[in-house]
Enquirer: 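Below is the structure I would like to discuss, written out as structure tokens.
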Amino acid sequence: MTIIWIVVAALTACVLYVIWGIRRIGKPTTGPQINLSARTETALLVIDMQVDFTTLPTWTESDLQQNFAQISASTSNAQHSGMPIIVVRHVFQGWLANLLNGLFNKGRGNKGSDGLGLDPRLSLTPSAEFVKSVGDAFSVPELDRYLAEHNVGHLILTGLDGCHCVNKTAQGARNRGYQVSIDPAAVLAANPKQWSKVKDDLSTAGVEFL
């Protein structure tokens, strides 16, 4: 009987740990409020446009072509105006995240995967690049510091997935007082119905859709 209780306790602990890990990955971060009136610059963020994720069978060729074209246009405009172009890449960390991702997503985004780099079809040269392990790019403190150093108070978000990492990064930015804009034509979302609701929620939170 003692062994049974030990097994039950261990399984319960594992389940609770999995739930905690999933919630942690999907929870937007919070941080100190910025002085928006003193942050006059704009930066373009390209989120998770990595080979591992852009080659998912979820996307149609039409979706990808529209997305690549719009991001390329946005990066071209940013370069001409001297706007920082920030690439954010996702690499899962921790045994649990890597295990679950290996089981359910063929290890896409796991450390050591061949597809962790930016999709070369975008052919852009970033001003800065950051690697995150959860949805919200602001989980990486260096991003906030870079934006402060470059006097950035307005962010334009592109990339994938609209319902997840783009959404969580937008919330993390708004939690800090950033002005946030999203270009829907430059965002991929696997679930269009959910993406429509996310856009409504983000609009309510003060995010502008271009």
Side-chain angles (χ1 to χ4, degrees), residues 10-31 43-59 63-64 67-68 71 85-122 124 126-147 155 157-176 180 182 186-192 194-195 198 201-202:
L11 289 174
T12 300
C14 286
V15 169
L16 291 174
Y17 187 66
V18 168
I19 292 172
W20 173 84
I22 292 172
R23 290 188 64 183
R24 176 179 172 271
I25 289 172
K27 186 177 180 181
T29 63
T30 58
L44 176 71
L45 266 65
V46 181
I47 300 171
D48 295 358
M49 292 296 291
Q50 298 154 247
V51 174
D52 266 357
F53 307 135
T54 56
T55 55
L56 285 167
T58 308
W59 322 117
D63 289 336
L64 289 171
N67 179 267
F68 289 149
I71 291 179
I85 300 169
I86 301 169
V87 164
V88 179
R89 294 189 297 113
H90 191 100
V91 180
F92 288 100
Q93 289 185 0
W95 69 268
L96 175 62
N98 280 268
L99 174 63
L100 294 176
N101 195 48
L103 290 173
F104 299 110
N105 197 28
K106 299 183 179 180
R108 295 174 186 266
N110 279 0
K111 186 176 180 180
S113 171
D114 293 334
L116 295 179
L118 187 70
D119 193 308
R121 289 173 288 183
L122 288 173
L124 64 87
S127 311
E129 186 169 347
F130 301 98
V131 177
K132 62 182 177 62
S133 60
V134 300
D136 181 2
F138 281 90
S139 59
V140 183
E142 291 79 8
L143 172 60
D144 228 345
R145 287 198 287 269
Y146 178 89
L147 297 174
L155 302 175
L157 307 188
T158 66
L160 62 83
D161 182 295
C163 297
H164 302 290
C165 294
V166 175
N167 175 25
K168 303 307 179 184
T169 299
Q171 291 185 54
R174 290 297 298 148
N175 287 345
R176 291 163 170 79
V180 179
I182 294 177
V187 172
L188 290 168
N191 187 332
Q194 184 184 0
W195 176 224
V198 166
D201 291 342
L202 289 175

Enquirer: Indicate the atoms forming the closest heavy-atom contact of Arg174 with Val180, along with that distance.
Expert: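 Of all heavy-atom pairs spanning Arg174 and Val180, the closest is CD-CG2, 3.8 Å.
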Enquirer: Checking Asn191 now: which residues fulfil side-chain hydrogen bond (donor to acceptor under 3.5 Å, both in side chains) with it, not counting sequence neighbours?
Expert: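 Checked Asn191 against side-chain hydrogen bond (donor to acceptor under 3.5 Å, both in side chains); zero matches.
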Enquirer: Does the side chain of Cys165 reach to within under 4.5 Å of the side chain of Val88, using non-hydrogen atoms?
Expert: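 SC-SC contact between Cys165 and Val88 ruled out.
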Enquirer: Please test Leu160 against Thr54 for side-chain contact (heavy atoms from CB on, under 4.5 Å), starting from the C-alpha separation and ending with a verdict.
Expert: CA-CA 9 Å; Leu160 62 83; Thr54 56; 4.1 Å; yes
Enquirer: Quick check for you: to the nearest 0.5 Å, what is the distance between Asn110 atom CG and Asp52 atom CG?
Expert: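 These two atoms lie 8.5 Å from each other.
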Enquirer: Taking atom CG of Leu188 and atom SG of Cys163, what is their separation to the nearest 0.5 Å?
Expert: 11.0 Å
Enquirer: So Asp119 and Gln50, side-chain contact (heavy atoms from CB on, under 4.5 Å) or not? Walk me through it.
Expert: CA-CA 5 Å; Asp119 193 308; Gln50 298 154 247; over 6 Å; no
Enquirer: Rounded to the nearest 0.5 Å, what separation is found between the NE2 atom of His164 and the CD atom of Gln194?
Expert: 5.0 Å
Enquirer: Name all residues meeting the side-chain hydrogen bond (donor to acceptor under 3.5 Å, both in side chains) criterion together with Thr29; count only those two or more places apart in sequence or in a different chain, and write none if there are none.
Expert: Asp136, Arg176
Enquirer: How long is the straight-line distance from CD1 of Ile47 back to NE2 of His90, given to the nearest 0.5 Å?
Expert: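 Reported to 0.5 Å precision, the distance equals 12.0 Å.
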Enquirer: Has Thr158 got a side-chain atom pairing as donor or acceptor with Leu45's backbone, closer than 3.5 angstrom?
Expert: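 Yes, because the side chain of Thr158 sits within donor-acceptor range (under 3.5 Å) of the backbone of Leu45.
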Enquirer: For Thr169 and Ala137, work out which heavy atoms get closest and say how close.
Expert: OG1-N, 3.0 Å
Enquirer: State which residues pass side-chain contact (heavy atoms from CB on, under 4.5 Å) with Thr58; sequence neighbours excluded, sorted by chain then number.
Expert: Leu56, Ala190
Enquirer: Please report the closest heavy-atom contact between Gly159 and Asn67, naming both atoms and the distance.
Expert: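 The answer is O-ND2, 4.3 Å.
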Enquirer: Just jot down the salt bridge (charged side-chain N to carboxylate O under 4.0 Å, His left out) partners of Asp48, sequence neighbours excluded, or say none.
Expert: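 Salt bridge (charged side-chain N to carboxylate O under 4.0 Å, His left out) list for Asp48, sorted by chain: Lys132.
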Enquirer: Going from CZ on Phe130 to CD on Glu142, what distance comes out if it is rounded to the nearest 0.5 angstrom?
Expert: 7.0 Å
Enquirer: Kindly write out the residues that satisfy salt bridge (charged side-chain N to carboxylate O under 4.0 Å, His left out) with Arg89, not counting sequence neighbours, or none if the list is empty.
Expert: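 Result, salt bridge (charged side-chain N to carboxylate O under 4.0 Å, His left out) vs Arg89: Glu129.
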Enquirer: To check you understand the geometry: which heavy-atom pair defines the closest contact between Val46 and Leu124, and what is its length?
Expert: CG2-CD2, 4.4 Å
Enquirer: Any donor-acceptor pair under 3.5 Å linking the side-chain atoms of Asn175 with those of Thr30?
Expert: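 No, no side-chain donor-acceptor contact under 3.5 Å.
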Enquirer: Please examine the side chains of Lys168 and Phe138, heavy atoms only from C-beta on, and report whether any two atoms are closer than 4.5 Å.
Expert: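 Answer no - side chains too far apart.
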Enquirer: Can you tell if the side chain of Ile182 reaches within under 4.5 Å of the side chain of Val166, non-hydrogen atoms only?
Expert: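 They are in contact (side-chain heavy atoms under 4.5 Å apart), so the answer is yes.
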Enquirer: Considering non-hydrogen atoms only, spot the tightest contact between Pro28 and Gly172 and give its length.
Expert: CB-N, 4.2 Å
Enquirer: Show the numbers, then the answer: is there a side-chain contact (heavy atoms from CB on, under 4.5 Å) between Leu143 and Ile86?
Expert: CA-CA 9 Å; Leu143 172 60; Ile86 301 169; 4.2 Å; yes
Enquirer: Using the test side-chain contact (heavy atoms from CB on, under 4.5 Å), find all partners of Asn167 that sit at least two apart in sequence or belong to another chain.
Expert: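 Expected list: Gln171, Val198, Leu202.
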Enquirer: What are the two closest non-hydrogen atoms of Ala189 and Trp59, and how far apart are they?
Expert: C-CZ3, 3.5 Å
